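Worksheet for the structure shown next.
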Amino acid sequence: MSLIPLRLWTRKKGIWHSIANMHTNMASYDAAVLDGKLLVTKGWFWPFYVVPRGQIYDPKTDHWENMPDGLREGWTGSSAMIYGHLFVVTEHERTKLKVYDPNNDSWRLTKKKIGFYGFFGSLCFF
């Protein structure tokens, strides 16, 4: 259960309202929005000292569920959403960029290497 109450901003109404609590606490997390759902992962700093945790929030049902194994285990760096695709700058493979395939619950490395280290934070483009 979350340590603090979770709130969602409703842009059309211009208000915050309470949402369901997560099934687990998160710290050192990253988040992204994919297919209208909020993805939240913890423990993405490599090397993992604990198994990463992840939750998915569906605002239509006000419900949290566990993240699929492939998504959770492959989210090994900072993320960015670009044109509906979740990209991660992976910190354990010489700063390579990889993209998530939700149909197969898997990740694939792109051919592009990123030329810097220690990238932190996340970006969401809508």
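None of the values given here were measured: they were computed from a predicted structure.
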What heavy-atom pair brings Ala20 and Leu6 nearest, and what distance separates the two atoms?
O-CD1, 3.6 Å
If the condition is side chain to side chain contact (heavy atoms under 4.5 Å, CB included), which residues does Ser18 pass it with, not counting sequence neighbours?
Arg7
For Arg108, which residues count as a side chain to side chain contact (heavy atoms under 4.5 Å, CB included) partner, sequence neighbours excluded?
Val99, Thr110
List for me each residue that meets side-chain hydrogen bond (donor to acceptor under 3.5 Å, both in side chains) alongside Asn104, sequence neighbours excluded, and say none if there are none.
Asp101
Taking C-beta and beyond as the side chain, do Val89 and Lys98 meet within less than 4.5 Å on heavy atoms?
no
Kindly write out the residues that satisfy ring-ring contact (aromatic ring centres under 6.0 Å, His included) with Phe87, not counting sequence neighbours, or none if the list is empty.
none
With sequence neighbours excluded, tell me which residues meet side-chain hydrogen bond (donor to acceptor under 3.5 Å, both in side chains) with Thr10.
His17
Shortest non-hydrogen pair, Val88 vs Gly77, comes out as CG1-N, 3.5 Å
Please, which pairs that meet salt bridge (Lys or Arg N to Asp or Glu O under 4.0 Å) have at least one residue in residues 59-71, sequence neighbours excluded?
Asp69-Arg72
d(Leu8 CG, Tyr57 OH) to nearest 0.5 Å is 5.5 Å
Considering residues at least two apart in sequence or located in another chain, which fulfil the side chain to side chain contact (heavy atoms under 4.5 Å, CB included) criterion with Leu34?
Leu39, Met81, Tyr100
Report yes if some heavy atom in the side chain of Glu73 is under 4.5 Å from a heavy atom in the side chain of Trp107; otherwise report no.
no
Tell me, with the steps shown, if Asp30 and Thr41 meet side-chain hydrogen bond (donor to acceptor under 3.5 Å, both in side chains).
CA-CA 5 Å; Asp30 194 21; Thr41 184; over 6 Å; no
Do Val40 and Trp64 have side-chain heavy atoms sitting under 4.5 Å apart?
yes
With clusters built from Ile, Leu, Val, Met, Phe, Trp and Tyr whose side-chain heavy atoms come within less than 4.5 Å, directly or transitively, what are the remaining members of the cluster of Trp16, listed by chain and number?
Trp9
Which atom of Ser79 lies closest to which atom of Ala32, heavy atoms considered
OG-CB, 4.2 Å
